Amino acid sequence: MKIESTERLRSALHDAIIEAINCGDFQPGDRLPSESELAENFDVSRNSIRDALASLEQSGVVIRRQGIGTIVTPFSDRLRTRIDLYRGMADLIRGSGYEPDQEFDRIDLITGPSEGHIAFGIDDNEHVVFRRRIFQADNQPAIYIRDYFRYSLIPNIKGIPKISGDTIDYIEKNGHKRIFYMFNEIFAVNADHELTEALKMINSDPLLLLKYQFLDESSEPLIFADVFYNTKIIKFNLLRIRDF
Amino acid sequence: MEYDTKNHKHAVIYELLLKAINEGDYLPGNSLPSESQLAKDYQVSRNSVREALAMLERDAIIIRRQGIGTFVAPRIIEKGKRIDQFQTLPELISNLGYQPGLGFNHISRVKGPSYGHQTLGIDDGVELLVSKRLYSADGKPAMYVTEYIDMRKFDQVEDWSQFDGDMMAFLYDSHGVEIYYVFAKIRAANGTPEVVEAFGVEPHFPFLCVDHLAYSIGGDAVSCTQTYGHSEIFEYEFVRIRD
């Protein structure tokens, strides 16, 4: 299949360029050779090179600017904790330099009023699945998660659902819906009583709150999640590139 | 150095596509025509279309998925709330819909050890310039910034009389130092005593902090900041597509 081989070529080029950076052929701040030189070196088309560079830029390894060229950033080692790209809590904790673990996972069926009922804009007597989890970094609690989804989303499940692993995967398997994208809002908040206990913090210490909405392709919200991070432990990074 | 993008074809295509999206020709969540179709429609090369799409993707206006296609983002986030956006503080405050102002700019010089020396990787014996600034939004305290700048590469004594709060423009105009990219750390924190005093808030007030480490094009770390943003003024948003 053509798409698959194009994809494979792109990811092979992506890895080859990262390899060249990691073994010191290119230093942070260095310009990469031009697209046509790279195309010649790797013996592929310029379009393939261009796609590979676009994916490297997307992940923050290089930046490309009209009239300047392609420049290697000093961040290739810090990408795992990029706030806009990280893959799951365990990865985020590892990227922050700690060993991840999950210490608490509780699932309840609740009626309103709750944050979940408000977020979905549904009647208080409708059942909502409410899942709370705590993730640890080197045995200290670091992340607290509250997930909400409508019980009616999983019509074949009787009683309180048993979920292990990601809530998203569970919904996709049992709810026959695909999660297409997520929308996040970021706030700084004080820890309330429950959070202070859960994350073993001093009363009302500040936390970073990411409010997640997981939506399907028709923009219908399937899960609302409030995730609280102790940023004394969890490192969140970001790359900002100037436009011209 | 000025880069004139206005006359580039891809910049024109960017504007035209953005206009079409804003006017509802392409609806949120719906797919865009293929690159070749767009090239035909706008009578430009496929490369120009590709560049324009890359710019739209960077601005989170469209989303591209390998093998599936290009979609209009389901939600277009206003610029002031885009966490990945490179903007100066006055720009950011004004993009959030407030009138920006600069309350004070206290200049001093410090030798190490300091946050600045540690972050910039500079010897404690070297003197760094420190600028402590308070920005306001509609006249209310909005962000407290402590910035450390390595002035050794600068060839003249700085004149702060013209400083309007835009540090990037200041470094460029008076010293020719241009910042190209920034590595940022995001955290939630309480203010230091001087921050709490400047804002006039309770000691437990939560601040949203985005600390910068700014690089020149050659990869030299030029300056670093610690910021304290008022959590009722600054909030960020982003959209991510599932892999």
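What you see is a predicted model, and the numbers here were worked out from it, not measured in a lab. Note on naming: letters A, B, ... go to the chains in the order of the sequence lines (proteins, then strands), and numbering restarts at 1 for each one.
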Tell me, for A:Asp30 versus chain B, whether the close heavy atoms (under 4.5 Å) come from the side chain, the backbone, both or neither.
neither
Relative to chain A, which segment of B:Glu57 carries a heavy atom at a distance below 4.5 Å: side chain, backbone, both, or neither?
side chain
Can you tell me if A:Gln140 has over 12 outside heavy atoms packed within less than 6.0 Å of its CD?
yes
Among A:Asn230, A:Ile186, A:Ile63, the residue with the most heavy-atom pairs under 4.5 Å to chain B is A:Ile186
Would you say that A:Glu185 contacts B:Ile77 through its side chain, given a criterion of any heavy-atom pair below 4.5 Å between the two side chains?
no
Interatomic distance, NE2@B:His204 vs CD1@A:Ile202, rounded to 0.5 Å, equals 9.0 Å
To the nearest 0.5 Å, what is the distance between CZ (B:Phe238) and CE (A:Met182)?
5.5 Å
Taking all atoms of both residues into account, what is the closest heavy-atom pair of A:Ala188 and B:Ser231, and its distance?
O-CB, 3.6 Å
State, with a plain yes or no, whether a side-chain heavy atom of A:Leu238 is found less than 4.5 Å away from one of B:Val182.
no
Kindly compute the distance separating CZ (B:Arg187) from NZ (A:Lys232), expressed to the nearest 0.5 Å.
10.0 Å
With a 4.5 angstrom heavy-atom cut-off, is it the side chain or the backbone of B:Tyr236 that approaches chain A, or both, or neither?
both
Tightest non-hydrogen contact, residues A:Asn47 and B:Asn47, listed as OD1-OD1, 4.3 Å
How about CD on B:Gln37, more than 12 heavy atoms from neighbouring residues, nucleotides or ligands closer than 6.0 Å, or not?
yes
Sort out for me which of B:His212, B:Lys81, B:Arg50 touches chain A most, counting heavy-atom pairs under 4.5 Å.
B:Arg50
Would a distance-only check, ignoring hydrogens and angles, find a side-chain to backbone donor-acceptor pair under 3.5 Å from B:Asn190 to A:Asp205?
no
How about A:Arg31: does its CZ atom have over 12 heavy atoms from other parts shown lying under 6.0 Å from it?
no
Tell me, side chain or backbone of B:Arg46 under 4.5 Å from chain A's heavy atoms, or both, or neither?
neither
Rounded to the nearest 0.5 Å, how far does CZ of A:Arg50 lie from CD of B:Glu51?
6.5 Å
If one checks every heavy atom of B:Met55 against chain A at 4.5 Å, the contacting part turns out to be neither
Inspect the surroundings of CD in A:Glu40 and state if more than 12 heavy atoms from other residues, nucleotides or ligands are less than 6.0 Å away.
no
Smallest heavy-atom separation, A:Val72 atom then B:Tyr181 atom, equals O-OH, 4.0 Å
Side chain, backbone, both or neither: which part of B:Glu232 has a non-hydrogen atom closer than 4.5 Å to chain A?
neither
CZ (A:Phe180) and CD1 (B:Ile63) are apart, to the nearest 0.5 Å, by 6.5 Å
From A:Phe183 atom CZ to B:Glu237 atom CD, the distance as rounded to the nearest 0.5 Å:
3.5 Å
Might you point out which heavy atoms bring A:Val189 and B:Pro206 nearest each other, and give the distance in Å?
C-CB, 3.8 Å
Are B:Phe71 and A:Tyr181, when compared by the centres of their aromatic rings, separated by less than 6.0 Å?
no
Could you tell me which non-hydrogen atom of A:Thr231 sits nearest to which non-hydrogen atom of B:Ile186, and how far apart they are?
CG2-O, 4.0 Å
Does a side-chain heavy-atom distance below 4.5 Å link A:Asn237 with B:Phe183?
yes
Quick check on A:Glu194: does its CD atom have over 12 non-hydrogen neighbours (other residues, nucleotides or ligands) under 6.0 Å away?
yes
Show, in sequence, the C-alpha distance, side-chain angles and deciding distance for B:Phe205 and A:Asn190, and conclude whether the side-chain contact (heavy atoms from CB on, under 4.5 Å) test is met.
CA-CA 7 Å; B:Phe205 186 83; A:Asn190 282 133; 5.9 Å; no
